[in-house]
Number of protein chains: 2
Amino acid sequence: MLSKKTKYGLKALTYIARSIGDTPIQVSEIAKSEQIPQKFLEGILLTLRKSGILGSKKGKHGGYYLRSEPAEIKMTDVMRVLEGPIAMVPCVSLNFYEKCDDCPDEDKCSVNKLMIQVRDNTLKVFRNTTLADLSQID
Amino acid sequence: MLSKKTKYGLKALTYIARSIGDTPIQVSEIAKSEQIPQKFLEGILLTLRKSGILGSKKGKHGGYYLRSEPAEIKMTDVMRVLEGPIAMVPCVSLNFYEKCDDCPDEDKCSVNKLMIQVRDNTLKVFRNTTLADLSQID
DNA sequence: ATTAATCCTATCAATTTAGTAGGGATTACA
DNA sequence: TGTAATCCCTACTAAATTGATAGGATTAAT
């Protein structure tokens with residue numbers, strides 16, 4: 001299951017990407033428009049800022065803005081920041097690899113092989129999708 | 001993350017598929033061989049039996065057996081029984097659909113569109129993989 | 001009968017999730 | 001220079017989920 005954190009984060013990023021203009025976007029505005037608890041969203045945007053995806057401006061008339069063009073912001077990066085590893089098991093994770101306690105031999109593990117396929121296909125989607133794609137208005 | 005339940009379930013199914021012969025396989029044997037807590041595994045195999053994937057024989061010399069040929073047991077079915085919905089959000093689930101509280105319009109939701117792609121790609125893997133594939137010894 | 005299995009229900013500790021609370025630090029602007 | 005608006009940070013909490021464990025009821029072979 002996708003966590004609320006990730007869902008809210010994606011919606012917020014989309015909202016920011018769609019807001020053309022120079023001024024940073026405030027948390028309160030996003031929260032209201034996207035129906036997200038404001039305090040919860042604050043924490044999420046903070047995470048996105050710390051990861052380098054968002055920038056922020058403090059104080060009156062402050063807010064958040066994208067640090068790159070929407071077309072440059074890949075879902076692989078966003079998802080890893082918000083949701084964590086893309087793989088369903090640590091033993092097939094590229095960025096967060098860990099060996100399983102059980103499982104004497106990874107190469108012979110049926111779960112491992114299946115989950116590598118799932119990972120590769122999910123990765124393909126995330127690598128191929130940018131914030132610009134999410135923000136398309138149709 | 002894949003739950004231990006699913007992981008153990010897949011390993012157990014693989015184990016049973018590999019055990020050629022007529023006699024049913026006992027939980028204790030699987031638990032020992034695959035390093036799975038026996039009582040926990042009991043519950044998992046029970047679930048698989050109730051879903052129709054496994055059959056069982058009670059009493060002395062009892063155990064579990066597959067109700068179809070490994071090549072007929074699709075991962076879509078197994079995963080749905082063990083892990084639940086394949087989709088990452090209920091609003092893109094084929095078998096467990098639910099509308100989101102937030103989200104006035106699904107068609108315009110960026111998360112929705114992304115998650116449909118992920119679902120379709122994951123589904124492709126699971127539809128294409130059977131227990132026979134998992135059980136291949138190489 | 002005895003033994004060996006599955007079956008069933010209840011309970012539990014640890015972790016994660018989804019938030020809430022309260023205030024600190026910084027900035028714009030009157 | 002004061003004040004309001006805004007992000008920033010830490011701590012707390014309730015509910016749900018996960019990964020088990022415990023104890024026995026039921027069933028079947030010998």
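The sequence lines fix the lettering, A, B, ..., with proteins before strands; numbering per chain opens at 1. In this text the structure is predicted, and so the values were computed from the model without any measurement.
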Rounded to whole Å, how long is the line connecting atom CD of A:Gln26 with atom P of D:dA4? 17 Å
Atom CD of residue position B:Glu69 - does it have more than 12 heavy atoms of other residues, nucleotides or ligands inside 6.0 Å? no
Would you mind classifying the nucleic acid contact of A:Gly43 as base, sugar-phosphate or nothing, using non-hydrogen atoms under 4.0 angstrom? nothing
For the side chain of B:Lys58, counting heavy atoms from C-beta on, which of D:dA28, D:dA5, D:dC7 is nearest? D:dA28
Donor-acceptor pair between A:Ser3 and A:Glu83 side chains, under 3.5 angstrom: yes
Proximity to the side chain of A:Lys60 - top-ranked nucleotide from D:dG19, C:dA28, D:dC9: C:dA28
Within the pair B:Tyr8 and D:dT18, is there a side-chain N or O less than 4.0 Å away from OP1 or OP2? no
Report the distance from atom NZ of A:Lys39 to atom C1' of C:dG23, rounded to the nearest whole Å. 8 Å
Could you check how far CG of B:Leu46 sits from P of C:dC7, rounded to whole Å? 5 Å
Give, for atom CD of B:Glu98 and atom OG of B:Ser93, the distance between the pair rounded to the nearest 0.5 Å. 9.0 Å
Rounded to the Å, how far apart are B:Glu29 CD and C:dA4 P? 16 Å
Students often get this wrong, so: under 4.0 angstrom with heavy atoms, is A:Lys50 touching a base, only sugar-phosphate, or nothing? sugar-phosphate
If each of A:Gly59 and A:Gln38 is mapped to the nucleotide of DNA chain C with the nearest heavy atom, which maps nearer the 5' terminus, i.e. the 5' end? A:Gln38
Integer-rounded Å distance: D:dG23 P and B:Glu42 CD: 14 Å
Residue B:Arg49, side-chain atoms from C-beta onward, closest of C:dA5, D:dG19, C:dC7: C:dC7
Can you tell me which nucleotide in D:dA28, C:dA18, C:dC7 comes closest to the side chain of A:Phe40? C:dA18
Nearest of D:dA29, C:dT6, D:dA20 to any side-chain atom of B:Pro37? D:dA20
Between C1' on D:dC9 and CD1 on A:Ile44, what's the gap in Å once rounded to a whole number? 16 Å
If you assign each of A:His61 and B:Leu45 to its closest nucleotide in DNA chain C, which residue comes earlier from the 5' end? B:Leu45
Side-chain N,O (B:Ser56) to OP1/OP2 (C:dA5) below 4.0 Å: no
State, without any angle test, whether A:Tyr64 and A:Gln26 hold a side-chain donor-acceptor pair at a distance under 3.5 Å. no
